[in-house]
There are 2 protein chains.
Amino acid sequence: MDMSPDKNPGNVSNESLESLFQYFGNIMPLKEIERDELRSMMRERTIRRRQYILQEGDVCKAYTYVVSGCFRMFGVDQKGTENNLQFAPENNWIADIGSFFSEKPSKLFIEAIEPCLVLQIEKKDLLHLYINHHKFDRYFRVIIENKYVELQNRVLQNISSTAEERYTAFIEQYPNLSNRLPSTQIASYLGVTPEFLSKVRKSLSSKR
Amino acid sequence: MDMSPDKNPGNVSNESLESLFQYFGNIMPLKEIERDELRSMMRERTIRRRQYILQEGDVCKAYTYVVSGCFRMFGVDQKGTENNLQFAPENNWIADIGSFFSEKPSKLFIEAIEPCLVLQIEKKDLLHLYINHHKFDRYFRVIIENKYVELQNRVLQNISSTAEERYTAFIEQYPNLSNRLPSTQIASYLGVTPEFLSKVRKSLSSKR
DNA sequence: CGCTAGTCTTAAACTTGTTTAAGGGTACTT
DNA sequence: AAGTACCCTTAAACAAGTTTAAGACTAGCG
């Protein structure tokens with residue numbers, strides 16, 4: 001177990017905590033004691049561009065809340081191609097949920113696309129929260145329910161839409177990201193080659 | 001609120017209940033009181049082939065456990081094409097989770113592909129279970145976590161694999177269903193036309 | 001400064017999957 | 001026994017997306 005210098009509790013910046021409290025506050029208001037619990041459990045880390053917080057073969061040990069920056073989660077297929085499964089910009093949670101709960105090695109990578117500031121919580125602490133503050137059960141169920149619905153819509157899109165339709169849907173869903181991310185990353189998310197995405201963009205711009 | 005004849009509790013068959021108890025028992029053992037609670041909350045229904053248990057525009061009011069038979073869940077796109085999102089054969093839960101929790105109208109249909117026997121639980125009863133028997137919180141979180149992982153793998157496959165690879169993966173995952181279901185349904189699940197699936201099958205069989 | 005690595009675009013040849021149309025098979029109706 | 005509905009396959013023309021290759025345009029780096 002690694003002992004980074006910012007592991008000891010109490011070192012979490014107020015800015016990061018405020019971001020997290022506001023996130024939860026949008027679901028339901030937090031009591032003072034719940035804020036204190038979160039403060040003592042969350043560990044703050046800065047992550048450099050290109051740095052991994054999860055690599056294939058490792059067990060996903062933490063849920064990560066993104067305060068600023070952006071991550072991508074991807075898998076690598078037989079041919080060695082990277083396929084982006086999701087992006088996690090600021091105010092989002094990211095984890096390989098399967099690996100986290102089963103404690104089996106992950107088949108996925110999570111990499112910072114931009115320099116990032118995050119808050120992490122480990123499994124034992126999350127379970128502690130579940131048990132001692134029943135509300136967090138609901139919080140995290142809501143989080144995963146929302147992520148489930150998002151994924152489901154994506155599957156539906158993948159099997160029913162052309163690359164062009166998927167791209168315009170991506171732009172609508174992440175107006176931020178479409179400017180911020182390199183097109184190679186977006187192409188990998190959409191399941192097309194960067195070359196074809198370039199074609200799609202051109203044909204879209206000429207349509208207006 | 002509809003009052004079908006089998007709504008009153010106590011009418012649930014032992015065979016169905018045993019199937020449900022066994023399902024939960026695979027996650028963690030059930031206490032007698034928990035069995036009693038389930039017995040009193042689950043409502044048994046027989047569903048005819050082609051019958052819908054959810055239609056677009058309706059709010060998904062119940063979680064459905066499939067005792068026997070098989071359902072499909074699908075969405076209809078702008079062109080009117082049906083796209084199968086998932087199948088639910090015996091010993092599976094099915095619901096539009098997004099609609100169920102948000103109580104907003106669903107964009108999906110759930111239809112019986114075969115004659116089915118199901119047990120259903122309504123939202124208020126599920127919430128009652130959550131509150132009075134904390135264990136069910138965990139049960140249903142595990143159920144949705146597993147479904148999430150399944151979906152995630154599917155997205156990964158959709159963006160990284162050819163139709164042939166997706167078809168062979170489908171056969172591995174549902175060896176039952178590949179014989180049982182009409183190929184039109186499988187094609188709709190894979191996101192290809194029935195004609196192309198026919199080609200794929202032919203090219204696969206000639207490879208051996 | 002010049003070098004390298006990453007990013008974006010274009011184009012031509014190719015592969016994967018769709019569309020349209022047709023024909024044959026089975027099974028349930030009448 | 002014929003009728004209809006559904007299911008599965010084949011084939012040819014077409015559209016969607018990939019591959020390979022090349023050129024231009026950054027941005028970071030020694």
Side-chain angles (χ1 to χ4, degrees), chain A residues 48-51 70 72 74 76-84 87 111-115 155-171 177-207, chain B residues 48-51 70 72 74 76-84 87 111-115 155-171 177-207:
Chain A
R48 306 181 55 194
R49 190 168 123 90
R50 304 259 154 98
Q51 192 178 344
C70 186
R72 69 182 180 120
F74 66 95
V76 177
D77 61 26
Q78 307 83 349
K79 296 173 196 155
T81 311
E82 299 176 358
N83 300 285
N84 284 347
F87 298 114
E111 185 198 34
I113 309 182
E114 304 171 347
V155 173
L156 212 49
Q157 272 229 335
N158 273 325
I159 62 180
S160 73
S161 306
T162 63
E164 183 170 314
E165 290 165 330
R166 265 141 54 210
Y167 179 61
T168 55
F170 170 79
I171 290 178
L177 295 186
S178 68
N179 311 320
R180 224 164 111 183
L181 301 181
S183 72
T184 47
Q185 296 301 338
I186 298 174
S188 164
Y189 177 89
L190 296 176
V192 298
T193 58
E195 291 83 357
F196 192 68
L197 176 55
S198 184
K199 251 192 212 171
V200 167
R201 282 179 158 170
K202 190 182 173 188
S203 104
L204 275 178
S205 70
S206 73
K207 276 184 188 167
Chain B
R48 306 180 58 193
R49 188 167 124 90
R50 305 257 155 101
Q51 192 177 344
C70 185
R72 68 182 181 120
F74 65 94
V76 177
D77 61 26
Q78 308 83 350
K79 295 173 196 155
T81 311
E82 299 176 359
N83 299 286
N84 283 348
F87 297 115
E111 184 199 37
I113 309 182
E114 303 171 347
V155 173
L156 211 49
Q157 272 228 335
N158 274 324
I159 63 180
S160 73
S161 307
T162 62
E164 183 170 314
E165 290 166 329
R166 265 141 53 209
Y167 179 61
T168 55
F170 170 79
I171 290 179
L177 296 187
S178 68
N179 311 319
R180 221 165 114 183
L181 301 181
S183 73
T184 47
Q185 296 302 337
I186 298 175
S188 164
Y189 178 89
L190 296 176
V192 297
T193 57
E195 291 83 358
F196 192 67
L197 177 55
S198 184
K199 254 192 210 172
V200 167
R201 281 178 158 171
K202 190 183 175 188
S203 103
L204 274 178
S205 69
S206 72
K207 277 185 187 167

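By convention in this document, chain letters (A, B, ...) are assigned in the order of the sequence lines, proteins followed by strands, and residues within each chain are numbered from 1.
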Item to check | 5'-most by nearest nucleotide on DNA chain D - A:Lys79 or B:Thr184 | outcome: B:Thr184
Item to check | side-chain contact (heavy atoms from CB on, under 4.5 Å) between B:Asp77 and A:Glu165, intermediate numbers included | outcome: CA-CA 12 Å; B:Asp77 61 26; A:Glu165 290 165 330; over 6 Å; no
Checklist entry - In whole angstrom, what separates B:Asn179's CG from D:dC7's C1'? => result 16 Å
Checklist outcome for this item: side-chain contact (heavy atoms from CB on, under 4.5 Å) with B:Leu190: of B:Glu164, B:Arg166, B:Gln157, only one passes, and it is B:Arg166
Checklist entry - Given B:Tyr189 and B:Arg72, is the side-chain contact (heavy atoms from CB on, under 4.5 Å) satisfied, shown in steps? => result CA-CA 9 Å; B:Tyr189 178 89; B:Arg72 68 182 181 120; over 6 Å; no
Item to check | Residue-phosphate contact under 4.0 Å: A:Thr162 side-chain N/O, D:dA16 OP1/OP2 | outcome: no
Next on the checklist: Expressed as a whole number of angstroms, how long is the span from A:Lys199:NZ to C:dA12:C1'?
Outcome noted: 10 Å
Checklist entry - Is a side-chain donor or acceptor of A:Ser188 paired with a backbone partner of A:Glu82 at a separation under 3.5 angstrom? => result yes
Checklist entry - When you measure from the side chain of B:Phe196, which nucleotide among D:dG17, C:dT7, C:dT18 comes out closest? => result C:dT18
Checklist outcome for this item: Distance col, row B:Asn84:CG vs A:Ile159:CD1, nearest 0.5 angstrom, shows 7.0 Å
Checklist entry - Where the side chain of A:Arg201 is concerned, which of C:dT10, C:dT9, C:dT18 is the nearest nucleotide? => result C:dT9
Next on the checklist: Quick check for you: among C:dG17, D:dT20, D:dC8, whose closest atom lies nearest to any side-chain atom of A:Glu195?
Outcome noted: D:dT20
Checklist entry - For A:Ile113 and A:Phe87, what are the C-alpha separation, side-chain angles and deciding distance, and is it a side-chain contact (heavy atoms from CB on, under 4.5 Å)? => result CA-CA 9 Å; A:Ile113 309 182; A:Phe87 298 114; 3.9 Å; yes
Checklist entry - According to a 3.5 Å limit on both distances, what stems of 3 or more consecutive Watson-Crick or G-U pairs are formed with DNA chain D? => result C:1-22 with D:9-30, C:25-30 with D:1-6
Next on the checklist: Just the rounded figure in Å: distance from P of D:dC8 to CG of B:Leu197.
Outcome noted: 9 Å
Checklist entry - Can you tell me how far P of C:dC8 sits from OH of A:Tyr167, to the nearest Å? => result 10 Å
Checklist entry - So does A:Thr193 get a side-chain nitrogen or oxygen closer than 4.0 Å to the phosphate oxygens (OP1/OP2) of D:dT18? => result yes
Checklist entry - Which sits closer to the 5' end of DNA chain D, A:Val192 or B:Ser198, going by the nucleotide each is nearest to? => result B:Ser198
